[in-house]
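Ligands are counted one by one from 1 in listed order, and the atoms in each one are counted from 1 as well. FYI, side chains are in, hydrogens and waters are out, and symmetry mates aren't considered; it's all heavy atoms of this structure.
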Amino acid sequence: MKDTASTVGAPRLRPRTVLISVAAGAALLASTALFAPAANAAASTLGAAAAQSGRYFGTATNSSQLSNAAYATILNREFNSIVAENEMKWDATEPQQNVFNFGGGDRLVAHARANGMSVRGHTLVWHAQQPGWAQSLSGSALRNAMVNHINQVAGHFRGQIHSWDVVNEAFADGGSGGRRDSNLQRTGNDWIEVAFRTARAADPNARLCYNDYNTDGINAKSTGIYNMVRDFKNRGVPIDCVGFQSHLGTSIPGDYQANLQRFADLGVDVQITELDVAQGSNQASIYERVTRACLAVTRCTGITVWGIRDSDSWRRGENPLLFDGNGNKKPAYQSVLNALNSVSGPNPTNPPPTTIAPPPPGGACSASVSLNSWNGGFVATVRVTAGNAAIRGWTVRVTLPSGTTITGTWNAQASGSTGTVDFTNVSYNGQLGAGASTEFGFQGTGTGPSGTPTCTAT
Ligand code: 9MR
């Protein structure tokens with residue numbers, strides 16, 4: 001799928017530490033005021049430069065690359081948003097039906113949090129990179145599997161993704177302006193809106209994007225997508241953004257910016273989501289054109305490049321990225337940085353997206369049970385309440401009399417079914433603000449729990 005398209009995520013302002021050598025620092029201490037930066041000093045990294053107008057600058061990444069020191073140095077210095085190049089896709093996250101693997105995605109989210117970056121989600125549903133079991137499904141079985149996949153994946157990452165590519169590359173290339181044929185499309189034309197409605201319920205705070213390539217100007221394909229977005233907005237189907245992958249060759253359509261603007265005028269954000277540009281005499285100027293186009297469109301909330309060094313790229317032979325294989329900044333890097341620095345002052349309609357930081361450890365919690373029991377069985381509803389400080393997670397310990405067995409649990413993970421049982425939060429209900437509550441439940445045979453449960457904050 002080498003062509004044009006984009007995807008975005010919202011990064012966040014990251015405070016930078018100024019390192020001064022001890023010797024130089026001593027000399028500076030006497031005259032600190034002389035060295036105060038000018039109010040409009042140019043930012044020296046992509047992320048900081050983009051943040052000046054409330055935008056993010058991100059990159060695709062892979063958790064396996066985080067341990068490479070040269071790579072991680074550039075990642076952490078330059079970017080304030082990341083997106084998983086592959087690790088949040090259907091084949092990676094649900095290798096067997098209803099068996100989920102979030103390892104890679106979780107590692108990337110943890111890295112982002114630790115380094116003040118925000119995270120784009122890519123991608124919930126796509127005709128490519130489906131696991132084998134999904135490829136062989138059709139009809140309502142595939143539709144149900146899609147809905148379950150969205151619920152589980154968006155639910156797992158709930159609250160941690162600023163924008164999700166809910167649906168990727170569903171439109172056909174060429175002049176039809178219509179949908180691409182795929183197993184998903186054959187489940188019915190409404191599959192895209194079902195995906196968006198499902199995603200909204202699973203993660204109500206994420207911006208929900210449609211993402212595609214070869215949409216870099218006003219053409220039949222981008223117009224087909226435009227018509228879908230307009231229809232969704234008219235009918236109240238939840239869509240918040242459109243991603244333009246922008247896998248570009250050695251030219252860029254003259255109406256690149258106008259195309260972004262017409263989507264923005266529909267009332268959605270636009271994001272450049274997978275930017276890379278074939279190396280040639282005009283690589284730097286094409287990068288600059290894309291950057292300036294985004295800056296000129298109020299609702300263009302950020303830019304993501306599809307990798308850091310040329311050697312990391314899926315188009316390696318074309319050297320399409322901002323850093324060469326040795327991690328050196330290329331002329332294209334400087335042109336992007338200069339363009340970002342040419343716009344100053346926050347964009348009032350596009351405030352910097354917020355990275356959700358986990359609360360500090362050390363909070364407390366309490367739990368209470370309400371019981372609905374009958375002869376031989378019961379349903380218990382447990383309310384978990386954070387104390388005076390926010391908590392990251394919780395475990396509630398319940399004692400069951402002998403002869404009582406738990407047969408089902410919801411909104412928590414149980415350590416067993418008899419005796420002393422620990423219930424631990426699931427991905428979406430562990431974080432509670434100070435004084436906030438959540439509920440989980442379990443049912444069983446026998447007489448139900450006895451005594452007051454204990455709650456431990458984690
Ligand atoms: O860069 C990704 C590459 O590592 C994968 O092998 C490939 C599999 O299809 O997907 C690449 O990323 C694609 C992205 O997910 C969607 N838009 C096109 C990107 C390049 O193919």
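Checking Asp312, Asn86, Asn62 against atom 4 (O) of ligand 1, the nearest heavy atom belongs to Asn86.
Judged purely by distance below 3.5 Å, without hydrogens or angles, the side chains of Gln65 and Asn68 never pair a donor atom with an acceptor atom.
No close placement of the Trp90 and His127 rings is indicated, their centers lying 6.0 Å or farther apart.
With ligand atoms numbered from 1 in the order given, ligand 1 contributes 1 (O), 2 (C), 12 (O), 14 (C), 15 (O), 19 (C) to contacts under 4.0 Å with heavy atoms of Trp306. For ligand 1, the atoms sitting less than 4.0 Å from at least one non-hydrogen atom of Asn168 are 16 (C), numbered in the order shown with element in parentheses.
Distances shorter than 4.0 angstrom do not occur between any heavy atom of Arg315 and any atom of ligand 1.
Cation-pi contact between Arg262 and Tyr226: present, with separation from the ring centre below 6.0 Å and deviation from the ring axis of at most 45°.
Residues in residues 214-258 take part in these disulfide (SG to SG under 2.5 Å) pairs, two or more places apart or across chains: Cys209-Cys241.
Checked by distance only, ligand 1 and Lys89 come closer than 3.5 Å through their nitrogen or oxygen atoms. An N or O contact shorter than 3.5 Å links Glu274 to ligand 1 by distance. For a threshold of 3.5 Å applied to N or O pairs, the pair formed by Trp126 and ligand 1 contains no separation below that value.
Salt bridge status for Asp165 with Arg207: absent, with no side-chain N to carboxylate O gap under 4.0 Å. In summary, Asp265 and Arg299 do not engage in a salt bridge, as defined by a charged side-chain N under 4.0 Å from a carboxylate O.
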